[in-house]
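All values below were derived from every heavy atom in this structure, side-chain atoms included, with hydrogens, water molecules and symmetry-related copies excluded.
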Amino acid sequence: MSDKAAGAYRTIGELSQEIGVRQHILRYWETRFPQLRPLQRAGGRRYYRPEDVELVRRIHRLLSQDGYTIRGVLALLNNDRRARASAPGDHPSAALPVAVTPALDRPPIDRAILQSIRDLLAAALEADRAAAA
């Protein structure tokens with residue numbers, strides 16, 4: 001955690017260190033998630049407000065722990081925004097479509113297995129290209 005107060009603005013370096021995500025990833029998330037718009041001062045220096053910090057924490061948790069994709073998180077955030085606008089008293093997750101919610105009953109994804117599948121597919125595609133040539 002940071003030595004700063006909970007309501008203090010954070011620079012991209014401070015937030016990067018606090019969350020454990022590299023700065024270029026935070027910048028990338030800004031391009032993918034229109035909800036994430038930190039203040040930018042002269043020289044392009046970013047200042048993350050407390051609500052930006054919470055959003056970054058949520059995005060990080062959804063991507064790294066809950067198994068969402070970038071597209072899934074984007075759909076979830078857009079759906080949350082629409083749910084708040086249409087029914088302010090309802091819980092936003094009640095309006096989520098099944099395709100956006102993670103499968104809680106499945107085991108965590110093993111990255112090594114996914115990488116080996118990716119490598120096998122890449123090798124098969126390369127062999128197919130070589131055979132076609």
Side-chain angles (χ1 to χ4, degrees):
M1 278 304 282
S2 173
D3 292 336
K4 285 189 168 185
Y9 287 25
R10 287 172 173 58
T11 65
I12 192 167
E14 292 167 338
L15 184 58
S16 170
Q17 188 173 22
E18 186 177 320
I19 302 295
V21 173
R22 292 183 172 226
Q23 292 180 25
H24 72 273
I25 299 294
L26 293 173
R27 286 188 209 97
Y28 173 71
W29 288 352
E30 290 173 26
T31 67
R32 296 305 309 244
F33 304 108
Q35 301 87 345
L36 182 57
R37 291 288 171 251
L39 296 175
Q40 286 194 343
R41 299 288 186 209
R45 189 168 174 96
R46 291 165 169 80
Y47 290 96
Y48 291 84
R49 298 166 291 230
E51 57 271 17
D52 297 321
V53 172
E54 286 307 310
L55 180 57
V56 166
R57 284 190 181 124
R58 184 174 182 208
I59 291 169
H60 183 253
R61 179 182 48 78
L62 290 167
L63 291 171
S64 66
Q65 296 173 7
D66 296 348
Y68 280 89
T69 62
I70 293 278
R71 187 177 290 172
V73 173
L74 187 58
L76 179 69
L77 294 176
N78 286 336
N79 205 351
D80 282 356
R81 187 186 56 186
R82 283 192 298 271
R84 277 194 306 273
S86 64
D90 294 340
H91 190 278
S93 65
L96 293 178
V98 174
V100 174
T101 58
L104 298 177
D105 56 348
R106 72 172 183 218
I109 297 171
D110 186 351
R111 291 187 188 275
I113 291 172
L114 291 176
Q115 288 172 339
S116 65
I117 292 170
R118 181 196 62 202
D119 294 343
L120 287 170
L121 289 171
L125 285 171
E126 187 61 36
D128 189 46
R129 283 189 205 119

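Nearest heavy-atom pair, V53 versus E18, reported as atom, atom and distance to 0.1 Å: CG1-OE2, 4.3 Å. The shortest heavy-atom contact between G7 and P50 is O-CG, 3.4 Å. Heavy atoms only, all atoms of each residue included: L36 and L26 are closest at CD2-O, 4.4 Å. Taking all atoms of both residues into account, the shortest heavy-atom contact from E14 to R10 is OE1-CA, 3.3 Å.
Scanning for side-chain contact (heavy atoms from CB on, under 4.5 Å) contacts around Q23 gives I12, S16, R27, with sequence neighbours left out. Scanning for side chain to side chain donor-acceptor pair (under 3.5 Å) contacts around Q40 gives an empty result, with sequence neighbours left out. For R37, the salt bridge (Lys or Arg N to Asp or Glu O under 4.0 Å) test picks out no residue, with sequence neighbours left out. Among residues two or more places apart in sequence or in another chain, the side-chain contact (heavy atoms from CB on, under 4.5 Å) test is passed with L39 by Y9, R41, Y47, R49. Legend: residues meeting salt bridge (Lys or Arg N to Asp or Glu O under 4.0 Å) with R45, ordered by chain and number and at least two apart, are absent.
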Quick one: do L55 and L77 satisfy side chain to side chain contact (heavy atoms under 4.5 Å, CB included)? Show the steps, please. CA-CA 10 Å; L55 180 57; L77 294 176; 3.9 Å; yes

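In this structure, Y48 and I19 have side chains that are not in contact, with every pair of non-hydrogen atoms separated by 4.5 Å or more. Here the side chains of W29 and H60 are in contact, with some heavy-atom distance below 4.5 Å.
For the side chain to side chain contact (heavy atoms under 4.5 Å, CB included) with Q35, the qualifying choice from L74, D80, I59 is L74, the only one to do so.
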Show me the donor-acceptor pairs within less than 3.5 Å that the side chains of residues 121-129 make with the rest of the protein, sequence neighbours left out.
from: E126; atom 1: OE1; to: R129; atom 2: NH1; distance (Å): 3.4

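Within a 6.0 Å radius of CD in E51, other residues, nucleotides and ligands contribute more than 12 heavy atoms. Annotation: R61, atom CZ; neighbour count of heavy atoms from other residues, nucleotides and ligands within 6.0 Å is above 12.
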